[in-house]
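It should be emphasised that the depicted structure is a prediction, and the values quoted were computed from it without experimental measurement.
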Amino acid sequence: MEPTAKEGFFERVYQMVEQVPEGMVATYGQIAKLVGEPRRARYVGYALHVNPRPGIIPCHRIVFADGRLAPGFAFGGPEAQRELLEAEGVSFLADGRVDLSANRWPAGIE
DNA sequence: CAAGTGACAATAA
DNA sequence: TTTATTGCCACTT
């Protein structure tokens, strides 16, 4: 299979997501920008949807720009994701949203 | 080739 | 404040 540029974009997304430390979360738009394409925020989610490496890519650490969780989470629902994040030490708001102000990872990438 | 779709984000009402 | 719409850009039909 000839690798195309789009696959390179996907792979970069996976690399970024895998580098997210535990107890922190990142937004789709942030990941998109980090890979060099801030306009492809939607495709970041799509990349995780196709998730070629389940169990290796911490999709549960990727949330909306508002701190909200994905609607169609693949692990068993947004409830399961909240449990996973809580278990890692991520703070949550009373609205069931992640406290991006305290757990946003892309605050100091190498 | 054109239109439709989508794990997003920003803006309008 | 929440909900709706638009813009984005690649993939699917």
Any donor-acceptor pair under 3.5 Å joining the side chain of A:Tyr46 to the base of B:dA7? no
What's the [atom1]-[atom2] distance between [X] and [N], to the nearest Å?
{"X": "A:Phe64", "N": "B:dA10", "atom1": "CZ", "atom2": "P", "result": "12 Å"}
{"X": "A:Arg42", "N": "C:dC8", "atom1": "CZ", "atom2": "P", "result": "11 Å"}
{"X": "A:Phe10", "N": "B:dA7", "atom1": "CZ", "atom2": "C1'", "result": "12 Å"}
{"X": "A:Asp95", "N": "C:dT3", "atom1": "CG", "atom2": "P", "result": "12 Å"}
{"X": "A:His49", "N": "C:dT12", "atom1": "NE2", "atom2": "C1'", "result": "13 Å"}
{"X": "A:Arg68", "N": "C:dT2", "atom1": "CZ", "atom2": "P", "result": "7 Å"}
{"X": "A:Tyr14", "N": "B:dA7", "atom1": "OH", "atom2": "P", "result": "14 Å"}
{"X": "A:Asp66", "N": "C:dT1", "atom1": "CG", "atom2": "P", "result": "11 Å"}

Is there side-chain contact between A:Val35 and A:Tyr43, with heavy atoms separated by less than 4.5 Å? no
A:Tyr43 vs A:Arg39, nearer the 5' end of DNA chain C by closest nucleotide: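 Result of the comparison: A:Arg39.
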Heavy atoms under 4.0 Å, any strand shown: does A:Ala41 hit a base, just sugar-phosphate, or nothing?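 The residue A:Ala41 makes sugar-phosphate contact but no base contact.
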State plainly whether one hydrophobic cluster holds both A:Ile31 and A:Val63, where clusters connect Ile, Leu, Val, Met, Phe, Trp and Tyr through side-chain heavy atoms under 4.5 angstrom apart. no
Note: A:Arg61-A:Glu88 ion pair, threshold 4.0 Å (strictly below): yes
side-chain N/O A:Arg40 vs B:dC8 OP1/OP2, d < 4.0 Å: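 Looking at the OP1 and OP2 atoms of B:dC8, neither is under 4.0 Å from any side-chain N or O of A:Arg40.
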With side chain to side chain donor-acceptor pair (under 3.5 Å) as the test, pick out the partner of A:Glu37 among A:Arg40, A:Arg39, A:Lys33.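 It is A:Arg40; the other options fail the test.
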